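Have a look at the structure below, then the notes.
These figures come from a predicted structure and were not determined experimentally. Chain naming here is simple, since letters A, B, ... match the order of the sequence lines and numbering starts at 1 in each.
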Protein chains: 2
Amino acid sequence: MLQYQPKPLDLAFQALSDPGRRAMVERLCLGPASVSELAKPLPMTLSAVVQHLKVLEEAGLVKSQKLGRVRTCSLELKAMTEVEGWIAERKRFWEQQYDQLEAYLAQTAAKEDP
Amino acid sequence: MLQYQPKPLDLAFQALSDPGRRAMVERLCLGPASVSELAKPLPMTLSAVVQHLKVLEEAGLVKSQKLGRVRTCSLELKAMTEVEGWIAERKRFWEQQYDQLEAYLAQTAAKEDP
DNA sequence: CTGATACTGTAGCATTTGCTTAAGTGTTGA
DNA sequence: TCAACACTTAAGCAAATGCTACAGTATCAG
């Protein structure tokens, strides 16, 4: 069976759809943190956090490096920027659509009330 | 077992993580469309498209109404705006973090090379 | 009236996801 | 040296996801 190779955007949106993973990203927006620091506020085992971390790294949202026994995680902006870009592009189209509606209404109003 | 009530952001990100659903949103950014119009370019049955549509509607990304036998779908901007807002807020934090790094580097450089 | 159109709804099924538990490995401080 | 620490890895499992197939229900055009 042929299986679909997920695109970067798929992985980024998927990663951000989980509240725990978003909490981790929110924490990392304030600065780098160790795995245990990321895990502390979350209601799950360290094991689960490590698995979430893997999802975030594979989505390109987070990067990490190990020094001694501590893995320090930080934000990787690339994927976040891609998500931002996709939204911005959509916005461009829907605002254009809105302008067209506005123009149409203006035109209709002008005809009905010259 | 207690089960988690998904928040709007969870649903929106989750909905946008599927390439087919994103394609539907992209199409709707150009203007309203019927279910069949949305289905035409997608490599799946109409049934599957309807199920994706339901996900998009429950996420608040799309709304639809039926007239006669045709259901016309259009964008619902609310959820999209929330996603945009979450990203914008994160950006605010990580740019602040970057500024701090910049300031630190500038300070270090000043000390080392007065 | 009749056939085509445009969905609608449900059952079933293979995968994926989000955990937990349990058993490691490599570091470090006393 | 050795116990505590900071992960790491894998097995297992319940629930969610992403389909398909199939059997409907309205609506419209001729």
Side-chain angles (χ1 to χ4, degrees), chain A residues 1-25 27-28 32-74, chain B residues 1-25 27-28 32-74:
Chain A
M1 185 182 277
L2 282 170
Q3 62 184 22
Y4 171 74
Q5 279 288 34
K7 291 170 195 144
L9 265 184
D10 299 14
L11 297 173
F13 276 119
Q14 169 71 10
L16 292 173
S17 73
D18 183 271
R21 282 190 303 251
R22 276 204 313 281
M24 292 163 80
V25 168
R27 167 62 190 79
L28 291 178
S34 72
V35 177
S36 326
E37 278 169 355
L38 289 178
K40 200 165 292 175
L42 298 176
M44 62 183 80
T45 62
L46 184 66
S47 218
V49 171
V50 170
Q51 285 167 57
H52 281 306
L53 203 55
K54 196 177 172 193
V55 172
L56 288 169
E57 290 206 44
E58 282 174 357
L61 288 162
V62 165
K63 63 186 178 221
S64 73
Q65 56 186 342
K66 201 164 182 178
L67 268 170
R69 57 185 169 173
V70 177
R71 175 170 299 276
T72 302
C73 310
S74 54
Chain B
M1 183 182 279
L2 284 170
Q3 62 183 17
Y4 172 73
Q5 279 288 36
K7 292 171 197 143
L9 265 185
D10 298 15
L11 296 173
F13 275 120
Q14 169 71 9
L16 292 173
S17 73
D18 182 90
R21 284 191 300 252
R22 276 204 312 279
M24 292 164 80
V25 169
R27 167 64 189 78
L28 291 177
S34 72
V35 177
S36 326
E37 278 169 355
L38 287 178
K40 200 166 291 173
L42 298 176
M44 60 183 80
T45 63
L46 183 64
S47 220
V49 171
V50 170
Q51 286 167 56
H52 280 307
L53 203 54
K54 197 178 173 193
V55 173
L56 288 169
E57 291 207 43
E58 283 174 357
L61 287 162
V62 165
K63 63 186 178 221
S64 73
Q65 55 185 344
K66 200 162 182 178
L67 267 170
R69 57 186 168 170
V70 177
R71 175 171 299 277
T72 302
C73 310
S74 53

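Between the side chains of A:S64 and A:E57, at least one donor N or O sits under 3.5 Å from an acceptor N or O.
Within 4.0 Å (heavy atoms only), B:S36 reaches sugar-phosphate atoms of the nucleic acid but no base atom.
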Restricting both atoms to N or O, compile the protein contacts to nucleotides 22-30 of chain D shorter than 3.5 Å, with distance only.
unit_1	atom_1	unit_2	atom_2	d
D:dT27	O2	B:R69	NH1	3.1

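One atom, CD of A:E37, and another, C1' of D:dA6, lie 12 Å apart when rounded to the nearest Å. One interatomic measurement links the two molecules: CD of B:E57 to P of C:dC7, which rounds to 12 Å at whole-angstrom precision. Atom pair B:H52:NE2 and D:dA16:P shows a separation of 18 Å (rounding to whole Å applied). Between B:M44 atom CE and C:dC7 atom P the separation is 16 Å, expressed in whole Å. With rounding to whole Å, B:K54 atom NZ is found 9 Å from C:dG9 atom C1'. As a whole-Å value, the separation of B:L38 CG from C:dC7 C1' is 13 Å. As rounded to whole Å, 18 Å separates atom P of C:dG24 from atom CG of A:L46.
For B:K66, the listed nucleotide lying nearest its side chain is C:dT8; candidates were D:dT8, C:dT8, C:dT20.
Looking at which nucleotide of DNA chain C each of B:R71 and A:A48 is closest to, the 5′-most match is held by B:R71.
Applying the side-chain hydrogen bond (donor to acceptor under 3.5 Å, both in side chains) test to residues at least two apart or on different chains, the pairs with a partner in residues 42-55 of chain A are A:R21-A:H52.
The backbone N or O of A:V35 lies less than 3.5 Å from no partner atom in the side chain of A:R71, so there is not a single donor-acceptor pair. A donor-acceptor pair is defined here as one N or O able to donate and one able to accept, closer than 3.5 Å; no such pair exists between the side chain of A:E58 and the backbone of A:V55.
Near DNA chain C, defined here as any heavy-atom distance below 4.0 Å, there are no residues from residues 8-22 of chain B.
If you check distances only, the side chain of A:Q51 never reaches the base of D:dT8 with a donor-acceptor pair under 3.5 Å.
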